Amino acid sequence: AARNAFFLVGLVGAVLIATLGLPLSHGLRLSVTGQKMAPAVFVLAGIALLADRLLAFATSVLCGLRRFDLRNSLAIFAALGRGVGLVVLLKLGASLIGVMLWQVVATAASAWAGQVMIGGISPEFRSGLGWLDWKLVRGHLPYGLANQLATFAEVILWQMGPVIVGLVLG
């Protein structure tokens with residue numbers, strides 16, 4: 001049930017970013033080149049969010065299994081993969097679309113690595129889509145929704161400053 005919830009949250013977020021990003025980008029006062037890249041950038045950002053939710057599922061399972069060693073290894077792998085790749089791409093003069101594409105690839109690779117780790121220690125927790133068992137979910141839904149809302153609010157509060165500056169200054 002949890003894997004489906006992570007996937008659905010990621011999918012809904014991806015669709016929202018991809019569809020709402022374009023109209024919202026008009027308020028950013030982008031250059032002509034930026035306006036042309038905006039649709040691809042927002043679609044890639046949505047896909048990156050979906051991959052990130054799948055990575056979050058893997059890290060949550062590893063924490064639940066009390067395999068903090070593997071969870072930390074996965075976090076290091078993800079951070080180094082993203083960081084080194086971004087530095088190399090920027091040194092090579094990659095475009096914003098290239099950087100966003102790397103973000104998708106690196107995050108998806110990290111999510112896959114997490115699934116491999118889970119499969120090695122507890123294959124029953126590996127990700128896979130299936131039907132939700134509402135009997136199992138119903139009792140945990142209030143806590144789960146409150147937890148997701150709190151996490152969302154935290155992210156919004158931390159990211160609001162840069163977003164406002166970007167919208168005001170363009």
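Quantities reported herein were computed from a predicted structural model and do not represent experimental measurements.
A donor-acceptor pair is defined here as one N or O able to donate and one able to accept, closer than 3.5 Å; no such pair exists between the side chain of Trp102 and the backbone of Ile97. Ser60 places a side-chain N or O within 3.5 Å of a backbone atom of Ala56 that can act as its donor or acceptor partner. Remark: side-chain polar atoms of Asn72 are paired, donor with acceptor, to backbone N or O of Phe68 under 3.5 angstrom.
With a 4.5 Å cut-off on side-chain heavy atoms, Leu44 and Gln103 do not count as touching. Using a 4.5 Å heavy-atom threshold, the side chains of Ser95 and Met100 count as separate. Side-chain contact check for Leu49 versus Thr107: every heavy-atom pair is 4.5 Å or farther apart.
Residues meeting the side chain to side chain contact (heavy atoms under 4.5 Å, CB included) test with Ala109, sequence neighbours left out: none.
The shortest heavy-atom contact between Ala108 and Ala51 is N-CB, 3.9 Å. Between Ala58 and Leu74, the closest heavy-atom pair is CB-CD2, 4.3 Å. For the pair Leu55 and Ala111, the tightest heavy-atom approach, listed with the atom from each and the gap, is N-CB, 3.7 Å.
By the rule that hydrophobic residues join a cluster once side-chain heavy atoms approach within less than 4.5 Å of another member, Leu101 and Leu89 end up as members of separate clusters. In the hydrophobic clustering of this structure, Met37 does not group with Val99; members are Ile, Leu, Val, Met, Phe, Trp, Tyr whose side-chain heavy atoms approach within less than 4.5 Å, directly or through other members. The same ILVMFWY cluster, assembled from side-chain heavy atoms under 4.5 Å apart, contains both Leu90 and Val105. Taken together through direct or relayed side-chain contacts under 4.5 Å among Ile, Leu, Val, Met, Phe, Trp and Tyr, Met117 and Ile121 form part of one hydrophobic cluster. Transitive grouping of hydrophobic side chains (ILVMFWY, heavy atoms separated by less than 4.5 Å) keeps Val43 and Leu50 in distinct clusters.
Note that CD1 of Ile118 is 7.5 Å distant from CG of Leu65, once rounded to the nearest 0.5 Å. Annotation: the span from Trp112 atom CH2 to Leu54 atom CG amounts to 14.5 Å, rounded to 0.5 Å. One finds the CZ atom of Phe42 at 14.0 Å from the CD1 atom of Ile47 (value rounded to the nearest 0.5 Å).
Note on Asp69 versus Arg71: no salt bridge recorded, every NZ/NE/NH1/NH2 to OD/OE distance being 4.0 Å or above.
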Task: side-chain contact (heavy atoms from CB on, under 4.5 Å) between Ser122 and Arg67, worked out - done: CA-CA 11 Å; Ser122 292; Arg67 291 303 308 264; over 6 Å; no
